[in-house]
Amino acid sequence: MYGNIWDIPGFQLTESLGKVGCRPSRSAKQRFKEKLRKETSRKRPGTFEEITIKINQITTGWINYYGVSYMKIFVKEIQQWLNHRLRQLIWKRWKRVKTRYKMLRKYGIDHTKAMKTANSRKGYWRISLSEVLHRAITTERCERSTSQLMASHLLDSSDDN
């Protein structure tokens with residue numbers, strides 16, 4: 001159970017069981033997520049590499065500023081959400097059924113599943129949750145294109161908060 005909570009710009013200091021800890025404030029987390037949302041917008045112009053470079057700049061700055069705080073769960077959640085957004089963005093950029101089918105086959109999906117998924121009328125967000133797209137665009141591929149700082153922060157952090 002948390003005791004007193006103090007707010008300072010960008011951080012939230014907490015006291016629990018005689019220990020003082022800090023974490024990013026709720027508003028700082030919301031601003032970070034909003035910046036990532038803007039960069040992964042489906043209507044955003046630019047190449048995928050340009051987008052990932054910008055995402056890396058944002059996450060590097062954010063992790064460097066808030067890296068001293070406890071945020072393991074938040075980083076894990078944001079990484080999962082960002083992977084979902086990237087899959088959605090990739091799926092939208094594959095535009096045509098022919099391209100979708102070809103790319104799914106390239107990434108090892110069998111003919112029937114690739115054809116069903118490529119011809120699906122479901123929206124980008126819903127398709128990005130599909131098992132087929134997860135096998136084609138794996139989490140490792142998503143994380144390779146985005147910042148490794150988030151993953152390294154998860155490994156370095158010993159606190160589960």
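Here the structure is a predicted model, which is why all the values come from computation and not from measurement. Just so you know, residue 1 is the first one in the sequence shown, and it goes up from there.
In this structure the side chain of Leu104 reaches within 4.5 angstrom of the side chain of Val132, judged on heavy atoms. Taking 4.5 Å as the limit, some side-chain heavy atom of Met71 sits within range of a side-chain heavy atom of Ile63. Counting heavy atoms from C-beta on, the side chains of Tyr66 and Val75 never come closer than 4.5 Å. Within the 4.5 Å cutoff, side-chain heavy atoms of Ile127 are placed close to those of Leu133. Residues Phe74 and Phe32 are in side-chain contact: their nearest non-hydrogen atoms beyond the backbone lie under 4.5 Å apart.
A search for ring-ring contact (aromatic ring centres under 6.0 Å, His included) contacts involving Tyr107 returns nothing, not counting sequence neighbours. In this structure, the side chain to side chain contact (heavy atoms under 4.5 Å, CB included) partners of Lys116, at least two apart in sequence or on a different chain, are Thr112. Taking the ring-ring contact (aromatic ring centres under 6.0 Å, His included) definition, one finds that His84 meets it with Trp125, sequence neighbours left out. For Gln30, the side chain to side chain contact (heavy atoms under 4.5 Å, CB included) test picks out Arg26, with sequence neighbours left out. Applying the side-chain hydrogen bond (donor to acceptor under 3.5 Å, both in side chains) criterion to Glu39, with sequence neighbours excluded, gives Arg44. Among residues two or more places apart in sequence or in another chain, the side chain to side chain contact (heavy atoms under 4.5 Å, CB included) test is passed with Phe48 by Thr52, Leu86, Leu89, Ile90, Ser145. Partners of Glu131 by side chain to side chain contact (heavy atoms under 4.5 Å, CB included), not counting sequence neighbours, listed by chain and number: Lys113, Arg135. The side-chain hydrogen bond (donor to acceptor under 3.5 Å, both in side chains) check on Arg93 picks up nothing, with sequence neighbours excluded. The side-chain hydrogen bond (donor to acceptor under 3.5 Å, both in side chains) check on Arg105 picks up nothing, with sequence neighbours excluded. For Glu34, the side-chain hydrogen bond (donor to acceptor under 3.5 Å, both in side chains) partners two or more places apart in sequence, or in a different chain, are Arg37.
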**Message:** Between Cys142 and Ile137, is the side chain to side chain contact (heavy atoms under 4.5 Å, CB included) condition met? List the steps.
**Reply:** CA-CA 7 Å; Cys142 288; Ile137 306 167; 3.8 Å; yes
**Request:** Apply the test side chain to side chain contact (heavy atoms under 4.5 Å, CB included) to residues Arg87 and Thr139: give CA-CA distance (whole Å), side-chain angles for both, the deciding distance (0.1 Å), then the verdict.
**Result:** CA-CA 9 Å; Arg87 282 187 189 99; Thr139 302; 3.4 Å; yes
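For the atom pair CZ (Arg126) and CH2 (Trp91), the distance works out to 13.5 Å, reported to the nearest 0.5 Å. The line from CD1 of Ile51 to OG1 of Thr40 is 8.0 Å long, rounded to the nearest 0.5 Å. One finds the CZ atom of Arg141 at 13.0 Å from the CG atom of Asn83 (value rounded to the nearest 0.5 Å). The distance from the CZ atom of Arg23 to the CD1 atom of Ile73 is 8.5 Å, given to the nearest 0.5 Å.
Across Thr59 and Asn56, no two heavy atoms sit closer than the pair OG1-O, 3.2 Å. Of all the heavy atoms in Ala28 and Trp62, the pair that sits closest is O-NE1, 3.8 Å.
No more than 12 heavy atoms of other residues, nucleotides or ligands shown are found within 6.0 angstrom of NZ on Lys35. Within a 6.0 Å sphere centred on NZ of Lys54, heavy atoms belonging to other residues, nucleotides or ligands number 12 at most.
Sorted by first then second residue, the side chain to side chain donor-acceptor pair (under 3.5 Å) pairs that include residues 94-103, not counting sequence neighbours, are Tyr101-His111.
In the hydrophobic cluster analysis, where Ile, Leu, Val, Met, Phe, Trp and Tyr join through side-chain heavy atoms closer than 4.5 angstrom, Trp81 is grouped apart from Leu129.
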